[in-house]
Amino acid sequence: MSNFAEISAALQKGRAKIVKQLIEQALAEGAQPNEIIEGALLDGMSIVGEKFKNNEVFVPEVLIAARAMNAGMDLLKAHMAADGLETKGTAVLGTVKGDLHDIGKNLVKIMMEGKGLKVIDLGVDVSAEKFVEAAIENKANLICCSALLTTTMSEMKAVVDLCTEKGIRDQVKIMIGGAPVTQSFCDSVGADCYTADAASASDAALAFCK
Ligand code: B1M
């Protein structure tokens with residue numbers, strides 16, 4: 001459809017009202033909601049993700065773009081059949097037990113949703129038991145743990161160990177991140193993937209789900 005590039009551009013600038021107007025126009029011209037999501041919203045959000053990764057835009061711009069994306073998604077959901085949205089995989093996401101920092105985790109959520117993944121956000125202060133229960137209940141492909149404190153990072157090992165104990169370790173990939181987390185820490189706790197930023201996390205998550 002001709003105005004997909006305009007929708008993507010408006011999303012990148014965080015113009016929620018314009019995004020909605022352009023989506024109404026695309027729907028009136030016969031575009032399907034899934035086509036608009038794939039061709040305009042996910043396209044725009046993935047460009048923002050790349051720019052964020054390259055330090056060309058910063059947290060406020062990402063959050064404003066995400067708000068525009070959510071406005072567009074809300075409008076499209078009303079036009080879609082209940083089962084109309086094809087998800088590319090399911091991720092259970094949270095900040096680990098004892099840790100209340102959620103800004104980075106929320107960015108990871110936005111970027112993963114921007115890639116077409118279903119994200120079950122468990123919030124902050126999430127125990128290993130909650131991560132694993134939610135992964136089993138939702139048949140998740142991924143468990144994604146964020147930690148900002150050196151004192152809470154060790155909870156990530158508890159998540160890995162509990163997955164092994166519950167017999168789901170070969171069914172779920174465990175991704176970890178947050179300011180104090182490193183690749184060597186990831187290796188030491190036996191998680192599957194460490195990424196330094198939210199955009200790289202969403203790239204890795206999508207690759208795991210393919
Ligand atoms: Co806190 N805090 N804080 N804090 N806080 C830090 C983390 C700290 C480094 C500040 C400092 O001392 N310099 C320090 C930790 C020191 C340490 O452990 N070595 C600290 C401390 C000590 C504390 C308290 C203990 C302070 C106190 O009460 N005495 C307390 C702890 C509360 C608790 O959690 N139990 C506390 C509280 C708070 C606030 C509530 C005030 C607030 C949080 C608000 C909120 O999140 N809603 C806060 C904040 C804002 C910070 C700083 C300033 C900023 C964190 C942030 O949001 N950064 C932080 C200092 C700093 O980092 N400069 C600090 C922006 C965000 C986008 O980055 O979360 O790193 P980040 O996410 C990045 C990547 O890490 C990655 O993607 C994002 C970028 O794309 N990423 C992932 C994150 N999760 C990922 C998961 C992935 C992959 C990538 O895969 C699953």
Side-chain angles (χ1 to χ4, degrees), residues 37 41-42 45-46 48-49 52-53 59 62-63 65-67 69-70 73-74 77 85-149 151-164 166 168-183 185-186 189-210:
I37 291 170
L41 298 184
L42 296 187
M45 206 58 218
S46 106
V48 173
F52 183 58
K53 199 156 69 175
V59 173
V62 177
L63 295 176
R67 201 170 55 192
M69 166 140 180
N70 287 335
M73 288 295 287
D74 286 347
K77 272 179 202 157
L85 179 58
E86 188 200 334
T87 55
K88 294 181 175 157
T90 301
V92 163
L93 169 71
T95 304
V96 299
K97 188 172 158 189
D99 199 325
L100 304 177
H101 296 84
D102 69 356
I103 298 171
K105 175 206 47 93
N106 292 342
L107 282 172
V108 171
K109 179 181 181 187
I110 290 162
M111 293 297 167
M112 287 190 177
E113 288 183 338
K115 294 275 179 190
L117 296 163
K118 178 179 174 187
V119 179
I120 292 147
D121 183 0
L122 302 176
V124 296
D125 193 19
V126 180
S127 65
E129 289 77 11
K130 270 199 214 160
F131 274 113
V132 173
E133 273 167 27
I136 293 170
E137 202 175 301
N138 295 284
K139 296 188 172 60
N141 309 86
L142 307 163
I143 292 180
C144 303
C145 305
S146 178
L148 263 285
L149 300 172
T151 48
T152 59
M153 286 161 72
S154 56
E155 278 301 313
M156 291 169 165
K157 179 162 177 8
V159 175
V160 175
D161 290 348
L162 194 60
C163 284
T164 307
K166 296 281 179 189
I168 62 160
R169 188 65 190 90
D170 57 344
Q171 293 153 37
V172 73
K173 296 288 180 196
I174 301 172
M175 296 181 55
I176 63 174
V181 181
T182 60
Q183 183 60 53
F185 177 77
C186 177
V189 298
D192 294 298
C193 176
Y194 157 73
T195 50
D197 60 75
S200 309
S202 68
D203 289 339
L206 188 63
F208 278 132
C209 292
K210 267 181 182 164

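Keep in mind that this is a model prediction, so the values were computed, not measured.
Screening residues 123-140 for salt bridge (Lys or Arg N to Asp or Glu O under 4.0 Å), with sequence neighbours left out, gives no hits.
Listed by chain and residue number, nothing satisfies the side-chain hydrogen bond (donor to acceptor under 3.5 Å, both in side chains) test with R67 (two or more places apart in sequence, or in another chain). For S154, there are no side-chain hydrogen bond (donor to acceptor under 3.5 Å, both in side chains) partners two or more places apart in sequence or in a different chain. With sequence neighbours excluded, the residues satisfying salt bridge (Lys or Arg N to Asp or Glu O under 4.0 Å) with K157 are D161. Scanning for salt bridge (Lys or Arg N to Asp or Glu O under 4.0 Å) contacts around K53 gives E50, D203, with sequence neighbours left out.
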Side-chain donor-acceptor distances from residues 100-107 under 3.5 Å, at least two apart:
unit_1: H101; atom_1: ND1; unit_2: D99; atom_2: OD1; d: 2.8
unit_1: K105; atom_1: NZ; unit_2: D121; atom_2: OD1; d: 3.0
unit_1: K105; atom_1: NZ; unit_2: D121; atom_2: OD2; d: 3.0
unit_1: N106; atom_1: ND2; unit_2: D102; atom_2: O; d: 3.1

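For the pair M175/Y194, no side-chain contact is recorded, criterion being any heavy-atom separation below 4.5 Å from C-beta on. Residues M153 and L149 are not in side-chain contact: their nearest non-hydrogen atoms beyond the backbone lie 4.5 Å or more apart. Side-chain contact check for I120 versus T90: some heavy-atom pair is nearer than 4.5 Å. A heavy-atom distance below 4.5 Å is not found between the side chains of C193 and I176. The shortest distance between side-chain heavy atoms of Q171 and N141 does not fall below 4.5 Å.
We find the CG-SG distance between D192 and C186 to be 7.5 Å, quoted to the nearest 0.5 Å.
Considering all non-hydrogen atoms of both residues, C209 and K88 come closest at CB-O, 3.3 Å.
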